[in-house]
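Some notes on the structure that comes next.
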Amino acid sequence: MPELPEVEVTRRGIDAPLRGARVLSARLGKPLRWPLGVLPGELVGTTVGPVLRRGKYLWLPLVAHGADRLDGGLLLHLGMSGSLALLAAPPLPGAHDHFDLVTSSGTLRLNDPRRFGAVVWSPAMTAAPAAKLLQRLGPEPFDPTLTTQRFHAALQQRRTPIKTALLGGELVVGAGNIYACEALFQAGIHPGLRCDRISRPRAARLLAAVRETLSRALDLGGSTLRDFTDVHGASGAFQAEAAVYDRAGLACGRCRSAVRRMVQAQRSTYFCVVCQKR
DNA sequence: AGTTAAACCTGGTTGC
DNA sequence: TGCAACCAGGTTTAAC
């Protein structure tokens, strides 16, 4: 599910309510992608700090009080099917509720049917294990230092298809399968085009398209294909205005010709052969 | 070194 | 209706 807009929607939903909350208990369900790294009980007594996002990861600081407490935080990832809910009166955990953080301001609950998500303890965002997971991430899409020049220079160093590179997150983080397809459509670029064949003007157009696509999705509360909801249980609305994603055989949003589906790097790519050029 | 497959899981949909 | 095959918002790890 969750690409940058969904993760950011989630962050905004939990940041203010949880800030300053005291951790009362924690519970683990079935194993997620990686082990938590501490016993749930060791989190008790810490205070939640400002929630940050880096790429599709969330960082939840847990500040210690007293030397006998752990100081650090939790690095969370929603994987393909994860979502977080903030519950005032949580029902008994269901089959896919795999992590609860019970606080004085409500219970933060991770639901993740496929369990590709993760909750990992780390002493700091800049220390292992969090730093190891974050180290390979490219620049944030709204980072002002990510200029056309820098983006184009990074493109020139890669020979992979642009769609694959966008998914990889080394050029820029945040665009997953939906938004990579949509941004390439918006920029009029064929998903199979090699990165190093993209001219500087087209690179500028693509970077702008990535930014516009992600911010539009953010405004609409993200996309909900199946699992994703915000922390209040609300679905996103972006999927309804996708021009190409999941529209194989349907009319292109611009020229009305049939949208094509192909597979790149084991993922479906949707595109318009008329509107998107090599 | 740079790219591409395999792996991790569950569940919904499609097709025989 | 039953069952197999395929598909799904991701990303690390292993293998060409």
Side-chain angles (χ1 to χ4, degrees), chain A residues 1-11 29-35 53-58 75-84 94-99 110-120 128-138 141 154-183 191-192 194-196 210 213-214 216-218 220-230 234-242 244-249 261-270:
Chain A
M1 135 286 69
E3 306 181 34
L4 184 145
E6 292 76 23
V7 177
E8 179 60 20
V9 162
T10 300
R11 190 197 68 77
K30 286 187 182 177
L32 293 163
R33 177 150 195 186
W34 298 293
R53 180 192 56 73
R54 176 74 177 95
K56 299 170 191 170
Y57 287 92
L58 290 175
L75 191 70
L76 293 92
H77 198 289
L78 300 179
M80 287 278 259
S81 58
S83 60
L84 287 170
H96 303 305
D97 295 326
H98 301 305
F99 180 73
L110 174 69
N111 181 276
D112 185 5
R114 293 178 72 181
R115 291 192 281 129
F116 288 174
V119 182
V120 177
K132 186 168 168 29
L133 293 169
L134 299 175
Q135 70 181 356
R136 73 190 67 201
L137 298 184
L155 285 169
Q156 291 305 111
Q157 291 183 283
R158 299 178 188 281
R159 278 170 271 194
T160 50
I162 181 59
K163 161 71 176 350
T164 308
L166 283 176
L167 280 188
E170 288 162 338
L171 298 168
V172 56
V173 295
N177 211 25
I178 298 176
Y179 304 122
C181 290
E182 293 299 314
R194 277 170 48 156
C195 292
D196 60 352
V210 168
T213 303
L214 293 178
R216 175 67 181 154
L218 201 45
L220 293 178
S223 299
T224 300
L225 298 189
R226 176 168 289 125
D227 300 297
F228 177 74
T229 61
D230 70 15
S235 294
F238 182 89
Q239 70 282 354
E241 64 177 56
V244 289
Y245 183 79
D246 200 23
R247 292 180 52 82
R261 173 185 179 271
M262 68 174 172
V263 175
Q264 294 177 288
Q266 312 171 101
R267 307 294 302 277
S268 289
T269 298
Y270 300 89

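Just so we're on the same page: letters track the sequence lines, and every chain starts at 1.
- A:Arg261 places its CZ atom 8 Å from the C1' atom of C:dC7, with the value rounded to the nearest Å.
- With rounding to whole Å, A:Phe116 atom CZ is found 8 Å from C:dG10 atom C1'.
- Using a 4.5 Å cut-off on side-chain heavy atoms (C-beta onward), A:Cys181 and A:Thr269 make contact.
- Residue-to-nucleotide proximity on DNA chain B shows that, of A:Gln157 and A:Ala95, the 5′-proximal contact is made by A:Gln157.
- In this structure the side chain of A:Leu133 reaches within 4.5 angstrom of the side chain of A:Tyr57, judged on heavy atoms.
- Between the P atom of C:dA8 and the CD atom of A:Glu6 lies a distance of 16 Å, rounded to the nearest Å.
- Using a 4.5 Å cut-off on side-chain heavy atoms (C-beta onward), A:Thr10 and A:Arg53 make no contact.
- Taking the side chain as every heavy atom from C-beta outward, A:Leu32 and A:Val120 never approach each other to under 4.5 Å.
- In this structure the side chain of A:Tyr245 reaches within 4.5 angstrom of the side chain of A:Leu225, judged on heavy atoms.
- Considering only side-chain N and O atoms, A:Tyr270 lies under 4.0 angstrom from the phosphate OP1 or OP2 of C:dA8.
- Here C:dG10 presents its P atom at 13 Å from CG of A:Asp112, a figure rounded to the nearest Å.
- Remark: the backbone N or O of A:His98 is not paired with any side-chain donor or acceptor of A:Asp112 at under 3.5 angstrom.
- Positionally, the nearest nucleotide of DNA chain B for A:Ala265 lies more toward the 5' end than for the other of A:Pro113 and A:Ala265.
- If you walk DNA chain B from 5' to 3' and mark each nucleotide with an atom closer than 4.0 Å to a heavy atom of chain A, the marks span B:dT3 to B:dG12.
- Here the CG-CD distance, from A:Leu167 to A:Gln266, works out to 11.5 Å after rounding to the nearest 0.5 Å.
- For A:Leu75 and C:dG10, the CG to P distance is 17 Å, given to the nearest whole Å.
- Inter-residue side-chain proximity for A:Thr229 and A:Asn111 is flagged as unmet; no heavy-atom pair is nearer than 4.5 Å.
- Residue contacts shown for A:Arg159 are limited to sugar-phosphate atoms, with no base heavy atom under 4.0 Å away.
- To the nearest whole angstrom, the two C1' atoms, one in C:dT12 and one in B:dG11, are 23 Å apart.
- For the residue pair A:Glu182 / A:Thr213, no side-chain donor-acceptor distance below 3.5 Å is found, with atom types taken as modelled.
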Original post:
Once each nucleotide of nucleotides 11-16 of chain C is scored for protein heavy atoms under 4.0 Å, what B/S/- sequence comes out, 5' to 3'?
Top reply: BBB---

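- The nearest whole Å value for the distance from the OH atom in A:Tyr245 to the P atom in C:dC7 is 12 Å.
- Both key distances under 3.5 Å define a Watson-Crick or G-U pair, and stretches of 3 or more such consecutive pairs in DNA chain C run B:2-8 with C:10-16, B:10-16 with C:2-8.
- Between A:Leu78 and A:Leu58, every side-chain heavy-atom pair lies at or beyond the 4.5 Å cut-off.
- The backbone N or O of A:Ser223 lies less than 3.5 Å from a partner atom in the side chain of A:Glu6, making a donor-acceptor pair.
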